[in-house]
Asks: 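Please see the structure below; I have some questions.
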Amino acid sequence: MSQFLDFWSSYLPVYKQSSITESSNQAVPYLLLTIVFSLVVYIVESYLDRRQLNRFSGPKCRLPKELESFVTSETFVKSVAYGKDKFTFKIFEGCYSIIEGLSMICLGYLPFMWDSSKSLSTSILVAVYPNQETSQLFNEIMITWVFIVLTTLLDTVIKLPFSLYSTFVVEQRHGFNKSTLALFFQDKLLTLALTFVLSMPILSIVIWLVRLGGEYFYFYVWLFLLVVSVILMTIYPTLIAPLFNKYTKLEDGEVKTAIENLSKRVSFPLTQVFQVDGSRRSAHSNAYFYGFFKSKRIVLYDTLLKQVNLDELLAILGHEIGHWKLWHTVQGFFISQLYTFCLFLAFSFVQHTPDLFTAFGFHYTVDQPMPVFVGLMLFSQTFWSPVDKALSLLMTVNSRRNEFQADAFASQLGMGEALGTGLIKISIENLDNLVPDQWYSSYHYSHPPLVERLRAIRANTASHSEQKKVN
């Protein structure tokens, strides 16, 4: 076994930084373990994808009894066709992604791109500061900036054909795409610009905190990212989201009055209701709220307003308000902060592991600190990846639980029947998967399948009616 590991580490990755220590001295084959774990995840998820794809064609592909009086056979056939197209494309894209990802690991993509970024940033620094010597920390931040720009641009170009096919073939074939090529590329460029503008200063401060924060740097990084998350949650709806869509105040009238009355009924601190032109890009629909403390704002997609009637719209908003009333939004925020804290705490224990760097082709020296961003990338691929996958599954379970609770809240408001028909209409308009495979949905779905929700809503509605009779 040791001879195999020595042979493996001698040849992989193909590209290694110059003067790298002999990889045969590695105590733990991190690169091999990463490849094995990636393959295991891919095999499991591919099997689940296949199960769902087969469900669209197998004998179990029948419209559930609960939906027979709502969904026509023509709509069901369209839903199945849409599902087949999406999953066929998903399987192909997943196959390509695993081949690309493992190839990059084995070829030494990360050390090659880091060395290329280092060379380019050196040229930039010489041109900008010809007669000045810059600090090691400043140099590392500059290399990281160049690395992010190069890898992000390359990744965008590689994924562009898949994104184009998904939008202008799969979505357009089934009548959902409303975007144009000009708008598509405008969104891509705007997203790239925002990514660079926001991520670079944030990451620079993270690197600075890791370098100068001492033994407890993870606490300072977490505290900084906590502030950043609050700021982004504040500015995203008002400054960032309007760059992509047009938000207008909902006109005075029956709909707005009914929403305001519902908010007063459940003590929801509503300050404004907006309508967004979601139909500019897609026929899919949505509704959500945002804001802190006593200032909440509801956003409705224009597509949603066309798909459901007023009672159903109020029931859907009752569900969304239920998330707030039951503290699900606060719960999600605290979980995300706990996740960030634990991530950097775990990173603090392994950031100086020599084998972690040499296994992926990086040169490790004791007297010179390794780049923070490189350490975070390798840590995320190795130590944290299994943890992240396990936590993702737990979060999926918790999310489904929260959805059932929010449905129950709307049912207790007497909106159960309207919520059920509203969800059915949305599913019909979106051609949602009406025959989900149990294993696939349990693994992937953050929301329970439609039929499960309808059964729970009817049970909650019946229970609420019995309680009213008793009282």
Asks: Excluding sequence neighbours, so at least two apart, what forms salt bridge (Lys or Arg N to Asp or Glu O under 4.0 Å) with Asp155?
Replies: Lys159

Asks: Can you pull out every ring-ring contact (aromatic ring centres under 6.0 Å, His included) where at least one residue sits in residues 85-108? Sequence neighbours excluded, please.
Replies: Phe56-Phe87, Phe87-Tyr440, Phe89-Tyr165, Tyr96-Phe162

Asks: Could you note down all residue pairs passing side-chain hydrogen bond (donor to acceptor under 3.5 Å, both in side chains) where residues 36-46 supplies at least one of them, sequence neighbours left out?
Replies: Glu45-Lys389, Glu45-Tyr443

Asks: Partners of Asp432 by side chain to side chain contact (heavy atoms under 4.5 Å, CB included), sequence neighbours excluded?
Replies: Ser427, Asn430

Asks: Could you pull out all residues at least two apart from Arg211 that satisfy side chain to side chain donor-acceptor pair (under 3.5 Å)?
Replies: Glu140

Asks: Could you verify whether a donor N or O on one side chain and an acceptor N or O on the other, from Glu403 and His328, lie under 3.5 Å apart?
Replies: no

Asks: Only pairs at least two apart or in different chains count here, so list each side-chain hydrogen bond (donor to acceptor under 3.5 Å, both in side chains) that has a residue in residues 97-112.
Replies: none

Asks: Would you please name every residue forming a side chain to side chain contact (heavy atoms under 4.5 Å, CB included) with Ala193, sequence neighbours left out?
Replies: none

Asks: Given the side-chain rings of Phe184 and Phe168, with only the six-membered ring counted for Trp, is the space between their centroids under 6.0 Å?
Replies: yes

Asks: Tell me, please, which residues at least two apart from Phe219 pass ring pair (Phe, Tyr, Trp, His ring centres under 6.0 Å).
Replies: Trp222

Asks: Could you pull out all donor-acceptor pairs under 3.5 Å where a side-chain atom in residues 372-384 meets a protein atom, sequence neighbours excluded?
Replies:
from   : atom 1 : to     : atom 2 : distance (Å)
Ser380 : OG     : Leu376 : O      : 2.8
Thr382 : OG1    : Leu378 : O      : 2.6
Trp384 : NE1    : Tyr339 : OH     : 2.9

Asks: Which residues pass the ring pair (Phe, Tyr, Trp, His ring centres under 6.0 Å) test with Phe404, sequence neighbours left out?
Replies: none

Asks: Once salt bridge (Lys or Arg N to Asp or Glu O under 4.0 Å) is applied, do any residues pair with Glu320, and if so which ones, sequence neighbours excluded?
Replies: none

Asks: Quick one: salt bridge (Lys or Arg N to Asp or Glu O under 4.0 Å) partners of Arg173, sequence neighbours excluded?
Replies: Asp85

